[in-house]
Amino acid sequence: MKTIDQYELFNRLLNDMGETGWWPADSKVEIIIGAIMIQNTNAANAKRAVNNIGSATKFNPQAILNLPLETLEDLVRPAGFFKNKSKAVHSVLNWFQEHDNNLEAITVKYEINLRQELLKLHGVGDETADVLLLYVFEQPVFVSDKYAQKLYTELGVSGMDNYKAMRKKVSLDEQFTTWEAKEFHGLIDEFGKIYLRGKGNFEASFLAGYQLEIEE
């Protein structure tokens with residue numbers, strides 16, 4: 001069994017699969033909306049809801065907040081859990097507006113406590129908080145989602161039982177840039193869709209025969 005570290009894993013995924021350009025969006029607000037819509041649904045349904053909101057508001061945060069709640073719920077409906085997700089959209093966008101939508105000022109104010117502040121917002125759990133840190137605040141963090149849990153388990157890392165468990169055990173090596181961290185998340189998810197979902201066969205993948213070593 002050959003061993004690889006996280007950075008080598010990233011480079012193998014990148015070399016074999018190419019850049020993903022993840023998270024696909026034209027603005028930070030679109031990323032925020034997408035991060036909320038993708039919760040507990042598939043990418044196609046989330047995209048429908050995101051597109052609905054974009055068509056109605058051009059992703060202008062004040063225009064989204066000005067929508068009657070019932071109207072917003074109708075736009076969100078394709079993504080499921082439309083009442084809770086609509087409240088989450090309001091909660092998160094209101095929080096950003098309270099901070100004048102100034103990402104740099106928010107980062108300076110909360111520093112290492114930023115993740116905990118995000119978790120206080122309605123509808124923001126561990127995964128959404130990390131997605132916002134990575135793709136909105138440009139901080140190189142690891143997103144311990146289902147595909148990451150499955151991949152690391154296949155590569156011989158134990159204890160990947162859920163998001164919190166994986167996050168306690170896995171963080172990015174220091175050499176990762178923010179761009180690389182973004183791509184790493186996208187690559188893991190793309191790999192998972194091919195080799196780890198449904199009848200996907202990990203043993204048929206280009207990572208078969210490798211074991212991952214992580215720094216704890």
Side-chain angles (χ1 to χ4, degrees), residues 22-43 45-54 56-146 148-149 162-168 171-172 178 181-182 185-186 189:
W22 202 256
W23 195 287
D26 294 324
S27 69
K28 298 291 189 181
V29 175
E30 185 176 354
I31 293 173
I32 293 168
I33 299 301
I36 295 170
M37 294 304 110
I38 195 62
Q39 297 171 5
N40 300 304
T41 192
N42 59 48
N45 289 340
K47 186 175 181 179
R48 287 175 58 200
V50 171
N51 289 344
N52 285 348
I53 294 172
T57 67
K58 307 301 181 186
F59 297 113
N60 179 288
Q62 191 58 58
I64 297 172
L65 290 171
N66 287 343
L67 289 173
L69 186 58
E70 296 78 7
T71 301
L72 181 57
E73 289 175 352
D74 284 340
L75 299 175
V76 171
R77 194 178 296 271
F81 303 95
F82 57 90
K83 290 184 179 293
N84 189 58
K85 290 183 180 181
S86 296
K87 290 179 182 177
V89 168
H90 273 199
S91 175
V92 174
L93 293 185
N94 272 316
W95 183 79
F96 275 96
Q97 285 215 339
E98 289 169 4
H99 296 82
D100 298 319
N101 296 311
N102 189 324
L103 300 178
E104 183 177 355
I106 293 172
T107 303
V108 170
K109 178 179 180 179
Y110 293 111
E111 297 182 332
I112 62 172
N113 297 315
L114 177 55
R115 189 175 190 273
Q116 292 304 313
E117 290 300 315
L118 292 171
L119 288 171
K120 293 177 183 178
L121 301 176
H122 180 87
V124 175
D126 288 300
E127 183 174 341
T128 304
D130 286 334
V131 167
L132 295 179
L133 285 176
L134 178 56
Y135 291 99
V136 175
F137 290 98
E138 305 286 333
Q139 298 186 12
V141 300
F142 186 80
V143 180
S144 304
D145 65 3
K146 292 290 187 183
Q149 293 164 34
N162 53 57
Y163 200 99
K164 290 182 183 295
M166 185 174 193
R167 191 175 185 277
K168 287 180 180 179
S171 59
L172 287 180
T178 299
K182 291 178 178 180
H185 171 57
D189 280 12

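This one's a predicted model, so the numbers in the text were calculated from it and none came from an experiment.
Not one N or O on the side chain of Asn113 forms a donor-acceptor pair closer than 3.5 Å with the backbone of Gln116.
Residue pairs satisfying the salt bridge (charged side-chain N to carboxylate O under 4.0 Å, His left out) criterion with at least one member in residues 81-103, sequence neighbours excluded, are listed as follows: Glu73-Lys83.
With rounding to the nearest 0.5 Å, the separation of CD1 in Ile36 from CG in Asn84 is 9.5 Å. Atoms NZ and CG, from Lys168 and Asn162 in turn, are 8.5 Å apart once rounded to the nearest 0.5 Å. Taking CG from Leu93 and NE2 from His90, the interatomic distance works out to 7.5 Å, rounded to the nearest 0.5 Å. From Leu114, atom CG reaches atom CG of Leu103 across 9.5 Å, with rounding to the nearest 0.5 Å. In this structure, CD1 on Ile31 lies 9.5 Å from CG on Asp26, to the nearest 0.5 angstrom.
Across every non-hydrogen atom of Phe59 and Ser27, the tightest pair is CB-OG, 4.2 Å. Residues Val29 and Pro61 come closest through the heavy atom pair CG2-CD, 4.1 Å. Nearest approach of Ala79 to Thr41, heavy atoms of both residues: O-CB, 3.6 Å. In terms of heavy-atom proximity, Gln149 sits nearest to Ser144 at NE2-O, 2.9 Å. When every heavy atom of Asn102 is checked against every heavy atom of Ala105, the shortest pair comes out as OD1-N, 2.8 Å. Minimum interatomic distance between Ser86 and Phe82 (heavy atoms only, all atoms of both residues): OG-O, 2.6 Å.
Side-chain contact check for Asp74 versus Arg77: some heavy-atom pair is nearer than 4.5 Å. Residues Arg48 and Asn51 are not in side-chain contact: their nearest non-hydrogen atoms beyond the backbone lie 4.5 Å or more apart. Side-chain contact between Ile106 and Glu117: absent, with no pair of heavy atoms (C-beta onward) separated by less than 4.5 Å. Looking at Leu72 and Ile53, their side chains come closer than 4.5 Å, going by heavy atoms from C-beta outward. Side-chain contact between His185 and Asp145 is present, with heavy atoms from C-beta onward closer than 4.5 Å.
Scored by the salt bridge (charged side-chain N to carboxylate O under 4.0 Å, His left out) test, Asp189 finds no partners at all (sequence neighbours excluded). Taking the side-chain contact (heavy atoms from CB on, under 4.5 Å) definition, one finds that Ala63 meets it with Thr57, Asn60, sequence neighbours left out. Checked against side-chain hydrogen bond (donor to acceptor under 3.5 Å, both in side chains), Gln62 has the following partners two or more places apart in sequence or in another chain: Asn66, Gln97. Taking the salt bridge (charged side-chain N to carboxylate O under 4.0 Å, His left out) definition, one finds that Lys28 meets it with Glu138, sequence neighbours left out.
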Enumerate, atom names and distances included, each donor-acceptor pair closer than 3.5 Å involving a side-chain atom of residues 125-136, sequence neighbours excluded.
{"from": "Asp126", "atom 1": "OD1", "to": "Arg115", "atom 2": "NH1", "distance (Å)": "3.4"}
{"from": "Asp126", "atom 1": "OD1", "to": "Arg115", "atom 2": "NH2", "distance (Å)": "3.1"}
{"from": "Asp126", "atom 1": "OD2", "to": "Lys164", "atom 2": "NZ", "distance (Å)": "2.7"}
{"from": "Thr128", "atom 1": "OG1", "to": "Gln39", "atom 2": "NE2", "distance (Å)": "2.8"}
{"from": "Asp130", "atom 1": "OD1", "to": "Arg115", "atom 2": "NE", "distance (Å)": "2.7"}
{"from": "Asp130", "atom 1": "OD2", "to": "Arg115", "atom 2": "NH2", "distance (Å)": "3.3"}
{"from": "Asp130", "atom 1": "OD2", "to": "Tyr163", "atom 2": "OH", "distance (Å)": "2.7"}
{"from": "Asp130", "atom 1": "OD2", "to": "Arg167", "atom 2": "NE", "distance (Å)": "3.3"}
{"from": "Tyr135", "atom 1": "OH", "to": "Lys182", "atom 2": "O", "distance (Å)": "2.8"}

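The aromatic rings of Trp95 and Phe137 lie perpendicular to each other, with more than 60° between the two planes, well past the 30° mark.
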